[in-house]
Structure formats: C-alpha cells, structure tokens
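First the structure, in the form of structure tokens, and then the observations on it.
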Amino acid sequence: MKIPPVKGTRDFYPLDMARRNWIIDGWKRVSLRNGFEEYDGPIFEYLKMFQLKSGDEIAEQLFSLTDRGGRELALRPEITPTMARMMNQQINSLPKPIKWFSVPRLFRAERPQRGRLREFFQWNVDIIGVDDVLADAEIIFTTIDYLSSVGLTPRDIRVKISNRKLLASALTNIGIPEKQLYSLYALLDKYNRIPPDVFEKTLAEQVPDSAPAKKIVDFMNTTTLSEVPEIVGKDPEVDTAMQELASLKDLLEQMGVWQFCDFYPSIVRGLAYYTGVVFEVHAVGGELRAVGGGGRYDNLLQDFGGPSIAATGMGMGDCVLGILLEERNLIPEDLSTQQLDYFIASADKKYFPKVIEITAKLRRTGKAANFAYKPTGLSKQLKQASVQGAKKCIIIGSEIESGKLVVKDMATGEQKTTELDNLLK
RNA sequence: GUGAAAGUAGCUCAGCUGGUCAGAGCACUGGAUUGUGGAUCCAGGGGUCGCGGGUUCAAAUCCCGUCUUUCACCCCA
C-alpha cells in the first residue's frame, strides 16, 4: 500500500535539505552576531497554553491530541508561549536584558496555500527586560541584518513600521470609542490588501460619520510622521507615540538601516497583544504575504503568570522567505549535499582492499572520505568523485607497492605522487 | 468552511476534435573507455495515463462521481 505524504507537509530530499539548512544557518549566524542566545522547548505543550491569549478560531487551527493520561496537548503553532513559560520559571536568575532566539518547527492546521503550509520553520528573536525603544530598533536591525546578508536590498523589501499606541491614541482622538478599537484594527489591518472602495464601504459600516471616517483614511495614507497631528489633532498621547517612532527612526538611521524602512500607519498586526511598536517586512511589488513581522508586547510574560516585564520580538517563517529568495535568485545554486575531502579510487580491482583500508584510516583522522562499492573502471570512479563533490581524489595503483599513491586535485586536475604516511598524518 | 484550476515515467511536460497515444527532454543504470572526472554518442530499466463508474466496437482523450494537489477567499499567532 502506498501512503501519501500528509497535506501541508514537505519532504526534504538532500538538495531541499541543503537549502533549508542554508536558510536556517543564516538565521542562526545573524542571531549570534547580534548577541542573541539560542533556546528551544518541547514540540508539544498543554493545549491550554495556546488558548490562553488566543480565541477559539485559533484553537481550531491547532493540531491537538489527548495522551493516555487524558492530558489535552497540542503541537506548537508558535514558540512565544513556550518562551514566556521558560523565562517565567527562571526570571529572577536570568541576567537582563534577555536576548534569545530560536528556530522552532511549528504546526498549524490551516488550509495550505502559497507561502503557507501546515508544518514550517520560523525564526524568532526576542528581547525581554528593556522598555526602551532601543530594543525595538535592535530587533528590526537584526531582521534587516539577515535579509541584507542574503542579498535583499531596500528595493526588494520594505520594513513597514507603526505603533499601536499611535494607532490607539489617533483613533481615540478622532473620536472612536475605545471599545470599538479592536474591531476597527481588524479592518485597518486589511487596508493594503483590499480595494479602496471596499475598504471605505466597510469602514462606513463601522464609522457612519463621514468626518471621522475621512480622517481615518487620511491617517492610513500618511507616510510622513509629522503630518499625523494635522490629521488626527494634537494630543499628549499622540505626542508620546510619535516621539517613540521618531526616536526609533533616529536609532535605525544611526544603525544604517533606515533606508529599508517606512512609517506605515496601516500596519496593525493580527492579535491583541501588541502594545507598542509593530512592524512587518514585505516584498516590494509582489503578491506575497508578509515575510515576517513583530513588535512590542509588554504584557506577555505577565499573561503567562510571570512578572510585568517589557518584551519585544520578531518572527519570520521559512515559506514566504523561501519563495522570495527563489524569485530573486538569491539561493546559491552550488549548495552541496556532500562535502568530501577525499574520494579513493583504484586503478585496478586488486587494490580494492587497499581502498577500503585507506578510506577507513582517513575517516579516523577526521577526513571526509568515500569510495565506490563496485571497483569499476577508473573513469567511472572519477566521475563518482566529482558527482559527490570530492575536493581530491586518491588513486591507488601500482605505486602502492612502494607505499606511494596519486592525489588528484579535482578542481585543477593537478596530480601529485605522495607517501601514504604523509597523507595519514 | 467557500470558490476556481489541474492530475500522463523520479522531475518538467507533449498527446486530448475518441482508432500505432504509452511518448519527449532531464534524471537514473549500462556501454563506447581495463590508469584519469565534468562532454558526447549508443543502449536499457521505469507508467493501473489519480481512483471508481458510464457512453462506445474502441477511452489517457467524452460524461458523472470521488480523492489529491495548487491558487484564491476566511484566517494569519
């Protein structure tokens, strides 16, 4: 019986695996050079953990199971709750600020489509214990540091930045009642994804008065911070939020990455827990969904039973990123699935035992070495050596009688005869 | 959960107005090549044409159902 792969999963053949590792190694390298430490948690947790800060709809998108002890569990759809749990357990002994990163494998029972699968990898970086906007700047810097390290330029991607505080105070100042804010957020979040007339029509259902509705549209269209007070009116809270964004911009300029960024009031981001700076990374000119996003969520640890402590972070999945890098031809084509130092070939069948012996010796000295199981013609063996990406090929022929062998450099074709003992040192 | 498109070799696809329609390229294996790789040429293996039913003398081809995939909507931590 043939059993098909599960919907929304991927098989990683060696070449796919090389690409996956290339992406993930990049994430890790950039995290480490930005001063983050790696952590990980279990791949499943109590179901409750993921329901805590999310609604029922999100619970429906979980892969859940009941274990034999009757515990209700779920495969992790995100790692942030696990991180909060882990930090809360040791919060008093962890040196602040806490800068952690992870590349968890995550699961969501959504219907698969372009850039979205049921199993994927997501790079997470978080800074806990710093309420200064400097931490938000560092998160954004780290994100851009990676994206530019793989060759994406300000013409390929934009980091769209806003602030939940600004959004809340602006809407309040326009005259929107506080209890209506969240339903309005959901609409504003779609501002760039739906046609303007549909947006205005839906907006009119929520905000019947045309004056405030127009202000909201104007606010959404602003890309210049200084225009905001003219649109929404002056207010101390608007001021505070604007100052935060202004100093974020100053910091990103100092860090030399502001050319990747735009102020974008319509960036809201899905759920309720963001409390300050929010941002999303989008590909320029594509139909792709966001490559990544994040922001400040100062209530997170407290929500998971810990102390009130500032937090900001970012998540980036491998699906959309992979499509984008593919589109822009930024994935190296020569990614290798094997890395052999030596391939050992024999010029004659009778030296085959020697091949096995020398291969084993080389391996025990720490060299990556391989040989052909069938001692066919030398040309076949050399072909295998180049297919397997061997740097050098050792040819064992009659010279071995006097303890010598031929070493061929596969890149240059150059050959040298050396003592066997030299090679094994 | 809703809608649309597509399923033929490991991969990309041709064939589709029913009748040499079981095919190509790439990949794989072997040979040309018994001491020299990436090239070239030759040969070979590999398919229940997604599955089930119907129409017909005859179905990869037409019709119905079904499954899967992809894309979009919903949602997006």
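Convention: sequence-line order gives letters A, B, ...; per-chain numbering from 1.
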Strand partner of B:A59, provided both Watson-Crick or wobble distances fall under 3.5 Å: none
Residues that A:Tyr13 engages under side-chain contact (heavy atoms from CB on, under 4.5 Å), provided they are two or more places apart: A:Asp11, A:Asp16
Throw together a table of side-chain donor-acceptor distances under 3.5 angstrom for residues 390-406 of chain A, partners on residues two or more places apart or in other chains.
| from | atom 1 | to | atom 2 | distance (Å) |
| --- | --- | --- | --- | --- |
| A:Lys391 | NZ | A:Asp341 | OD1 | 3.2 |
| A:Glu401 | OE2 | A:Tyr351 | OH | 3.2 |
| A:Ser402 | OG | A:Glu399 | O | 3.0 |

Any strand: nucleotide that pairs with B:C76 via Watson-Crick or wobble, under 3.5 Å: none
Position toward the 5' end of RNA chain B (nearest nucleotide), A:Glu280 or A:Pro5: A:Pro5
Donor-acceptor pair, side chain of A:Arg108 and main chain of A:Pro77, under 3.5 angstrom: yes
Residue A:Lys7, side-chain atoms from C-beta onward, closest of B:A72, B:U69, B:A77: B:U69
Separation of atom CZ in A:Arg289 from atom P in B:A77, rounded to whole Å: 10 Å
Span that lies between the C1' atom of B:G47 and that of B:C64, in whole angstrom: 26 Å
Complement of B:C49, any strand, by Watson-Crick or G-U distances under 3.5 angstrom: none
Whole angstrom value for the distance that separates C1' of B:C76 from CZ of A:Phe107: 18 Å
Whole angstrom value for the distance that separates P of B:G31 from NZ of A:Lys374: 8 Å
Touch class at under 4.0 angstrom, heavy-atom based, for A:Lys392 against every strand present: nothing
N/O donor-acceptor pair, side chain A:Arg108 with base B:A77, under 3.5 angstrom: yes
Whole angstrom value for the distance that separates P of B:C73 from CD of A:Glu110: 13 Å
Selection residues 17-27 of chain A - residue pairs positive for side chain to side chain donor-acceptor pair (under 3.5 Å), sequence neighbours left out: A:Arg19-A:Glu326
Gap in Å between the two C1' atoms, one belonging to B:U56 and one to B:G18, rounded: 9 Å
Complementary nucleotide for B:G30 - Watson-Crick or wobble, under 3.5 Å: B:C42
Minimum-distance nucleotide (side-chain atoms of A:Lys190 versus B:C74, B:C75, B:A77): B:C75
Integer angstrom distance from the P of B:A60 to that of B:G7: 15 Å
Whole-Å gap separating C1' (B:A77) and CG (A:Leu117): 17 Å
Pairwise P distance, B:G15 and B:G52 [rounded to whole Å]: 25 Å
Sole residue of A:Glu37, A:Glu38, A:Glu138 in salt bridge (Lys or Arg N to Asp or Glu O under 4.0 Å) with A:Lys99: A:Glu138
Candidate nucleotides B:A77, B:C76, B:C71, ranked by approach to the side chain of A:Arg116 - the nearest: B:C76
Length of the CG-C1' vector between A:Leu75 and B:A77, whole Å: 15 Å
Euclidean distance for P, B:C75 against B:U68 (whole angstrom): 25 Å
Whole-Å P distance, B:G65 and B:C13: 27 Å
Closest non-hydrogen atom pair, A:Gln381 against A:Ile344: OE1-O, 4.3 Å
Presence of donor-acceptor pair under 3.5 Å, side chain of A:Arg111 and base of B:U70: no
Nearest-angstrom distance, C1' atom, B:C62 to B:U70: 25 Å
Touch class at under 4.0 angstrom, heavy-atom based, for A:Lys350 against every strand present: nothing
Between B:G30 (C1') and A:Tyr373 (OH): distance, integer Å: 20 Å
Nearest atoms (heavy-atom pairs only) where A:Leu47 meets A:Ala74: CD1-CB, 3.8 Å
Summary of salt bridge (Lys or Arg N to Asp or Glu O under 4.0 Å) pairs that have at least one residue in residues 143-157 of chain A, sequence neighbours excluded: A:Arg33-A:Asp145, A:Asp156-A:Arg328
P atoms of B:U40 and B:A27, separation to the nearest Å: 9 Å
CA sep, side-chain torsions, deciding dist, call: A:Ile161, A:Trp258, side-chain contact (heavy atoms from CB on, under 4.5 Å): CA-CA 11 Å; A:Ile161 302 171; A:Trp258 177 256; 4.0 Å; yes
Contact list for RNA chain B against residues 323-335 of chain A - heavy-atom distance below 4.0 Å: none
Pairing partner of B:A6 (Watson-Crick or G-U wobble, both distances under 3.5 Å): B:U68
Heavy-atom pair with the smallest gap, counting every atom of A:Cys261 and A:Leu252: SG-CD1, 4.1 Å
Criterion side-chain contact (heavy atoms from CB on, under 4.5 Å) on A:Arg105 and A:Glu119, from CA distance to verdict: CA-CA 7 Å; A:Arg105 190 172 195 140; A:Glu119 182 192 35; 2.7 Å; yes
Electrostatic pair A:Glu357:A:Lys361 at N-O distance under 4.0 angstrom: yes
Sugar-phosphate or base contact per nucleotide [nucleotides 32-44 of chain B; S, B, -; heavy atom under 4.0 Å]: -B-BBBB------
Between C1' of B:C73 and CD of A:Gln61, the distance in whole Å: 14 Å
Any A:Gln113 side-chain nitrogen or oxygen under 4.0 Å from OP1 or OP2 of B:A72: yes
Complementary nucleotide for B:A24 - Watson-Crick or wobble, under 3.5 Å: B:U12
